[in-house]
Number of protein chains: 2
Amino acid sequence: MVLAVDRVYERLRADILGGVHQPGARLGEAELAEATGSSRTPVREALRRLEVEGLVEVLPHRGARVPDWTPEDLEEIYDLRMLLEGAAARRAAARIEAKDADRMDELCGLIEWAAAPGDQQDLDRVAELNAEFHGIARAAAASNRLVTMLNAVVQLPLVMRTFHRYSPDDLTRSCAHHRELVAALRARDGTWAESVMRAHVLSAKAVLLRDPPS
Amino acid sequence: MVLAVDRVYERLRADILGGVHQPGARLGEAELAEATGSSRTPVREALRRLEVEGLVEVLPHRGARVPDWTPEDLEEIYDLRMLLEGAAARRAAARIEAKDADRMDELCGLIEWAAAPGDQQDLDRVAELNAEFHGIARAAAASNRLVTMLNAVVQLPLVMRTFHRYSPDDLTRSCAHHRELVAALRARDGTWAESVMRAHVLSAKAVLLRDPPS
DNA sequence: GGCTCACTGATTGCATGCAACATAGGCAAT
DNA sequence: ATTGCCTATGTTGCATGCAATCAGTGAGCC
């Protein structure tokens with residue numbers, strides 16, 4: 001048995017990150033309750049969780065909205081991401097197991113293929129594989145607290161469809177970061193891993209701020 | 001009009017941090033509803049918020065509990081605090097206004113007096129003043145996201161009654177950190193401020209891990 | 001004697017009803 | 001024409017009822 005509040009939460013989260021609910025869109029409780037086949041109570045509780053995680057903003061008596069990020073927000077968010085992802089990478093270097101590193105290498109290959117210019121290019125698939133890659137890295141950090149905090153700032157790229165803004169050079173650099181991160185993790189070098197990860201996040205930030213969303 | 005869910009949230013948070021609800025204690029919804037003069041609905045929503053912030057743990061169908069921190073948890077929490085407080089201090093150095101720095105200096109004096117050995121020593125008052133001191137620093141960072149994340153890890157010292165574990169030398173060092181932080185902020189030196197803050201947090205961590213709680 | 005299982009009591013999870021509040025539109029007064 | 005108020009309407013906030021689930025207990029069986 002899966003709790004209704006969790007169903008609603010996952011659904012809402014996916015829809016916000018996937019762009020189904022655009023920034024600024026109103027999220028009516030009754031509407032969401034009907035859409036998820038539950039009542040308003042679990043919807044309200046899911047909205048509270050998402051509010052704390054920063055994925056929705058709730059105004060008293062005025063309902064919930066998907067926030068729209070200002071450039072200052074994006075700057076702040078990416079700086080936090082750099083800090084937290086870097087710390088997670090450092091922890092991961094001390095803890096990662098060989099099979100996880102192997103899978104990350106595998107994902108590097110898949111990402112490189114899906115990102116390469118040509119008919120087979122599929123940037124949405126890159127986003128998906130990229131999410132798995134970084135998911136493994138975060139899991140290897142073995143810190144629930146860190147993971148929770150990252151959830152609040154990590155998956156914005158999906159909202160923004162970041163990879164569609166990447167130039168071919170950006171994509172090449174991103175793939176190089178991935179390969180280097182795995183190397184640093186295998187070498188058990190936390191400082192190296194943290195440095196690569198920080199560069200990786202900051203380069204993503206540069207892409208996003210270079211050509212601001214909408 | 002203040003929302004019931006916010007009342008319950010503040011009350012619960014204060015009671016957990018203040019030690020009214022000891023780690024491991026069960027938090028029954030009906031009990032909390034009666035204690036706060038509201039119904040179970042706002043209690044449930046407040047518990048969801050506190051769950052995301054890591055201040056309570058909720059098991060499905062089994063209710064909410066105050067988590068009890070293992071030494072590994074404490075290590076993790078203090079490392080995160082170091083990161084986030086350091087980042088906040090760096091931002092604060094670029095933004096703080098003179099009157100806030102003045103108040104922080106004032107608080108330094110009050111803390112030093114209340115922390116000094118003798119009849120006037122009052123470690124609970126030190127904790128209170130210390131919270132205001134760091135509250136100003138965090139507010140000067142002007143980052144709601146950072147503040148929210150810090151809330152999840154910052155105020156554990158209150159639970160642990162940390163200052164009661166401090167030796168006279170620890171207290172002296174803590175006060176010196178405070179003075180130095182204000183100097184770094186006034187100098188608008190973000191790196192200095194971050195470094196002092198990291199030292200401050202890590203020294204607190206050392207005290208806590210030196211003599212583990214209960 | 002130890003183990004299993006059903007029953008009991010209590011608690012959580014969810015649905016729904018009602019009251020409080022906020023926004024929008026119309027109407028009147030200046 | 002503009003401003004202010006007032007009502008209408010939809011929404012949120014909260015209380016409560018009921019079903020689902022879990023911990024504990026004791027009887028029955030191996």
Side-chain angles (χ1 to χ4, degrees), chain A residues 1-17 20-68 144 148 151-152, chain B residues 1-16 20-68 70 144 148 151-152:
Chain A
M1 177 59 191
V2 56
L3 270 53
V5 59
D6 290 326
R7 280 205 335 266
V8 176
Y9 170 79
E10 298 292 346
R11 167 79 176 273
L12 253 174
R13 176 182 173 77
D15 283 354
I16 292 172
L17 294 175
V20 176
H21 300 298
Q22 293 289 328
R26 227 178 98 40
L27 300 171
E29 294 179 1
E31 173 193 2
L32 295 173
E34 188 176 14
T36 57
S38 56
S39 80
R40 285 175 49 218
T41 305
V43 169
R44 286 176 62 81
E45 292 180 10
L47 286 173
R48 294 289 180 192
R49 287 175 61 176
L50 291 163
E51 181 188 14
V52 178
E53 291 179 0
L55 274 162
V56 307
E57 57 186 359
V58 177
L59 296 89
H61 291 284
R62 292 179 52 190
R65 306 176 69 83
V66 182
D68 49 348
N144 286 329
T148 301
N151 276 340
Chain B
M1 178 58 192
V2 57
L3 270 51
V5 58
D6 290 326
R7 279 204 336 266
V8 176
Y9 170 80
E10 297 292 346
R11 166 78 176 274
L12 252 174
R13 177 181 173 77
D15 282 353
I16 292 171
V20 176
H21 300 298
Q22 293 289 327
R26 219 174 117 16
L27 300 171
E29 295 179 0
E31 172 193 3
L32 296 173
E34 188 176 15
T36 57
S38 56
S39 81
R40 285 175 49 220
T41 304
V43 169
R44 285 176 62 81
E45 292 181 10
L47 285 173
R48 294 288 180 193
R49 287 175 61 177
L50 291 164
E51 181 189 13
V52 178
E53 291 179 359
L55 274 162
V56 307
E57 56 185 1
V58 176
L59 296 90
H61 293 285
R62 292 179 52 190
R65 305 178 70 83
V66 182
D68 50 348
T70 67
N144 286 329
T148 301
N151 277 341

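Values in this document were obtained by computation on a predicted structure and should not be read as measured data. In what follows, every chain begins at residue 1, and chains take the letters A, B, ... in the order their sequences are listed.
Atoms CZ and CG, on A/Arg49 and A/Leu12 in that order, are 11.0 Å from each other to the nearest 0.5 Å. Here the OG1-CD distance, from A/Thr41 to B/Glu45, works out to 8.5 Å after rounding to the nearest 0.5 Å.
You'll find that the side chain of A/Arg40 is closest to C/dC18, out of D/dA15, C/dC18, C/dC14. Closest approach to the A/Arg44 side chain among C/dC14, D/dT12, C/dT11 is made by D/dT12 (side chain taken as heavy atoms from C-beta onward).
An OP1 or OP2 oxygen of D/dA23 is reached within less than 4.0 angstrom by no side-chain nitrogen or oxygen of B/Arg26. Side-chain nitrogen and oxygen atoms of B/Ser39 include at least one within less than 4.0 Å of the OP1 or OP2 phosphate oxygen of D/dA15.
Using a 4.5 Å cut-off on side-chain heavy atoms (C-beta onward), A/Leu27 and A/Leu32 make contact.
Between A/Arg13 and A/Asp6, no side-chain nitrogen of the basic residue sits less than 4.0 Å from a carboxylate oxygen of the acidic one, so the salt-bridge criterion is not met. One finds a salt bridge joining B/Arg48 and B/Glu51 here, because a Lys/Arg side-chain nitrogen approaches an Asp/Glu carboxylate oxygen to under 4.0 Å.
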Could you give me the CA-CA distance, side-chain angles and deciding distance for A/Asp68 and A/Gln22, then say whether side-chain contact (heavy atoms from CB on, under 4.5 Å) is met?
CA-CA 9 Å; A/Asp68 49 348; A/Gln22 293 289 328; over 6 Å; no
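If you check residues 3-13 of chain B against DNA chain D, the residues with a heavy atom closer than 4.0 Å are B/Leu3, B/Ala4, B/Val5, listed by number. For the contact set between residues 58-65 of chain B and DNA chain C, defined by any heavy atom under 4.0 Å, the members are B/Pro60, B/His61, B/Gly63.
When rounded to the nearest whole Å, the span between CD of B/Glu45 and C1' of C/dT12 equals 15 Å. Rounded to whole angstrom, the span from the CD atom of B/Glu51 across to the C1' atom of C/dG13 amounts to 14 Å. Look at CD on B/Glu29: it is 15 Å from P on D/dC14, rounded to the nearest Å.
Considering every non-hydrogen atom in both A/Glu31 and A/Arg26, the closest pair reads OE1-O, 4.4 Å. Of all the heavy atoms in B/Pro23 and B/Pro67, the pair that sits closest is CB-O, 3.6 Å.
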